[in-house]
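Accompanying notes for the structure given below.
Only a predicted model underlies this, so the values are computations on that prediction, with no experimental measurement involved. Below, chain A is the first sequence line, B the second, and so on; all start at residue 1.
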Amino acid sequence: MSEKHAERQTGWLSSFFLVEFFRESLAISEVEIKKLLRDPTELFTRAVQPVLWLVIFGQVFSRVRGIPTGRVTYLAFLTPGILAQSVLFSAIFYGIAVIWERDLGIIHKLMVSPAHRTSLVLGKAVSSGFRGLVQVVIIYVLALVMGISLRWEPWAIGGVLLSVVLGSAIFSTFSLVIACIVKTRERFMGIGQILTMPLFFASNAIYPLELMPPWLRWFARFNPLTYLVDALRSLMIQGGHSVHSFGFDLVVMVSVFIVFLLTARRLYPTLIQ
Amino acid sequence: MKTYTAGISNPDDTKMPAGYSSAIETHELTRKFGDFTAVDSINLHVPSGRIFGLIGPNGAGKTTTIKMLTTLLEPTSGTAKVAGFDVHSSSKEVRKRIGYVPQMLSADGGLTAYENLMLSAKLYGMKRSDRKARVEDALNFMNLSESSNKLVKAYSGGMIRRLELAQAMLHMPSVLFLDEPTIGLDPVARRVVWERLIALRKEYGMTILITTHDMEEADRLCDEIALMHRGKITISGSPADLKTSVGTDANLDDVFVHYSGGVIEEGGNYRDVRKTRRTANRLA
Ligand SMILES: Nc1ncnc2c1ncn2[C@@H]1O[C@H](COP(=O)(O)OP(=O)(O)OP(=O)(O)O)[C@@H](O)[C@H]1O
Ligand SMILES: [Mg+2]
């Protein structure tokens, strides 16, 4: 094959929208992951909170007999909820990181490149998915130590990984949307607190939806965290029960992610104006 | 002048359309923030291959103008063409043909210089086979090859600025936008940046638009200067012409004071000063 011909081929290939799009997203997530691995302390400090929840809150609430958790112990019931929680809490920091990068001018530079704005957002979501995978490892180790019976079938583990990546992508992109709306670190700090707590408590993470008053149950149904926890509950725990099928939870999560992705893509440029 | 292919799939992608000689052209370009008019009906014409300086007090509207020309900010009214394409209707074509160094220090401190440049190479769609060579060329051109694998947070201010220039020139744009490229640099580092900018123009024929508060810099570098004040261009011309328009022994400082009605009077607000300080602090 002549050189000229080869050149035309790559030219054709890279003008193919999806190839270009994924190359850009990967380039963004690659540097994010590189930075994370270079300074992994943050990964571990983020693990402290779920440990405390499982060990302290879990142990204490195990003694309350009134929480209906089906065939599993309260601790086993709580474990998927705490994984989802640590996904939520670490993904929600993406917004503040992006505001920080905006103040440094890093976002300006990405934004003047011809890269698609959607891939700039998707790249962040992918790197957040990677963080989520680290959380999975931490929670699984912790669950083993605490003697919780986990499921080890490959497809179940695959399902957990997929759900966690999607969940991380959803909440990091949500966080990006908030950052684009509030624009300053100070305001984000306030709003971040106000948003994450209700997301966490108005979900099925630490108690089943049946326990909630109807108005709160109604709210929890619109909370993406609920679907992440629901998927994880039967995929992670032996004897665990999900209300919806895995397929249904996935469709809900993918749809929510697409809505957030498109919203973030629209708002991202306003962050630097 | 060297001919260049930036390793982009189609080298024409970074060039101006044939026969087009205006690098930047604006017509009544305006930007408002609410009721406040930050840039007020400006008409710029920068022929290609020039170094053009935009000067003026804090808050004059220089950065806002650059943001519109680099497609980061939509004009409220008026039009602008950069490298032959309209910033509003052909923003992607404009982006392929420009390089930009923001007022802040924008290189990513958590990455090495090489990684910073590699990221740009990918975002600019350079072919895999060309990326490495282009990145190394750019590092060489900015005299950074020795420290290309050091984390940028360990760099001096002058090195960061040169890295940013390397990043902005990596894809061989037709037009470079540099917002206060030497702010906070020591005199030696500043001179090195000037010398590299002159080399960029000489070797690659790039058009360069810079903003600066440093009148010596404007005098040394620019073929033409426009002075902005409260969103308007109050005067423009070559440094020599501007000086004679004020008086026989005038320097550019005198020109600045004369045409912006004395700087003490207002001179930007808290927000502007905070931004500038932040940049300077990061360099310290
Ligand atoms: N996003 C924004 N919202 C509201 N006002 C803004 C915004 N961006 C800029 N301004 C205002 O517009 C005016 C022009 O700002 P600009 O940053 O363009 O000035 P400048 O000439 O670059 O100043 P400096 O020399 O301090 O960098 C300032 O009064 C500034 O406060
Ligand atoms: Mg400015």
Side-chain angles (χ1 to χ4, degrees), chain A residues 3 6-17 19-42 97-98 100-117 119-120 123 127 183-185 268-273, chain B residues 8-11 13-14 31 33 63-64 66-74 91-112 115-116 118-130 151 164 167-168 170-171 173 177 179 274-275 278-279 282:
Chain A
E3 231 174 71
E7 191 173 302
R8 206 168 325 126
Q9 274 210 331
T10 41
W12 175 81
L13 200 64
S14 57
S15 63
F16 186 54
F17 173 75
V19 174
E20 203 175 276
F21 183 76
F22 284 114
R23 185 193 44 222
E24 291 161 6
S25 308
L26 269 178
I28 297 284
S29 53
E30 192 188 321
V31 298
E32 296 275 323
I33 292 171
K34 228 175 228 160
K35 283 193 277 182
L36 195 63
L37 294 178
R38 216 161 256 164
D39 185 13
T41 40
E42 195 205 325
V98 160
W100 177 247
E101 287 183 357
R102 188 271 320 268
D103 289 344
L104 295 180
I106 294 175
I107 303 291
H108 296 68
K109 202 170 284 180
L110 300 180
M111 223 70 111
V112 288
S113 82
H116 301 88
R117 268 97 197 254
S119 40
L120 299 180
S127 75
K183 292 199 167 67
T184 69
R185 244 174 296 172
Y268 210 22
T270 66
L271 191 62
I272 53 167
Q273 292 174 357
Chain B
I8 309 259
S9 321
N10 176 5
D13 269 4
T14 61
R31 174 69 202 204
F33 295 107
T63 299
T64 307
I66 287 195
K67 279 187 176 169
M68 286 192 281
L69 296 177
T70 51
T71 77
L72 295 178
L73 192 64
E74 283 280 324
S91 56
K92 188 143 183 167
E93 296 306 315
V94 172
R95 282 184 213 137
K96 287 180 190 165
R97 291 167 177 80
I98 60 171
Y100 171 49
V101 178
Q103 194 164 348
M104 311 74 113
L105 287 177
S106 58
D108 196 326
L111 299 173
T112 66
E115 289 163 349
N116 264 292
M118 214 47 175
L119 172 62
S120 293
K122 288 174 189 166
L123 295 182
Y124 279 88
M126 286 180 202
K127 280 188 292 177
R128 178 185 288 273
S129 51
D130 292 340
L151 287 187
E164 293 189 311
Q167 210 166 2
L170 188 66
H171 56 292
F177 293 91
D179 204 347
R274 200 176 60 153
K275 252 195 212 150
R278 205 187 288 136
T279 312
R282 251 196 105 201

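- No hydrogens or angles considered: nothing links the side chains of B/Lys67 and A/Gln273 as a donor-acceptor pair under 3.5 Å.
- There is no contact between B/Phe177 and chain A, counting heavy-atom distances below 4.5 Å.
- Considering every non-hydrogen atom in both B/Pro102 and A/His108, the closest pair reads CG-CB, 4.1 Å.
- A/Glu24 is linked by a salt bridge (charged side-chain N to carboxylate O under 4.0 Å, His left out) to nothing, counting only residues two or more places apart in sequence or in another chain.
- Between A/Pro114 and B/Lys96, the shortest heavy-atom contact is CB-CG, 3.8 Å.
- When heavy atoms are compared at a cutoff of 4.5 Å, B/Glu164 approaches chain A by way of both its backbone and its side chain.
- A salt bridge does not link B/Glu115 to A/Lys35: none of the charged side-chain nitrogens sits closer than 4.0 Å to a carboxylate oxygen.
- Between the OG atom of A/Ser25 and the NZ atom of B/Lys122 there is a distance of 12.0 Å, given to the nearest 0.5 Å.
- Between chain B and the options A/Leu120, A/Asp39, A/Ile28, A/Ile107, the largest number of non-hydrogen pairs under 4.5 Å is found for A/Ile28.
- In this structure, A/Arg38 contributes its side chain and B/Gly110 its backbone to a donor-acceptor pair below 3.5 Å.
- A 4.5 Å side-chain heavy-atom check between B/Leu123 and A/Leu110 finds at least one atom pair inside the cut-off.
- Note on A/Ala27, A/Pro269, A/Ser119: by heavy-atom pairs under 4.5 Å with chain B, the leading option is A/Ala27.
- Taking the side chain as every heavy atom from C-beta outward, B/Leu72 and A/Val112 approach each other to under 4.5 Å.
- Atom CZ in A/Arg102 sits 7.5 Å away from atom CE in B/Met104 (nearest 0.5 Å).
- Put simply, the side chain of B/Arg95 does not reach to within 4.5 Å of the side chain of A/Met111, judged on heavy atoms.
- Between the CG atom of B/Leu119 and the NZ atom of A/Lys109 there is a distance of 10.0 Å, given to the nearest 0.5 Å.
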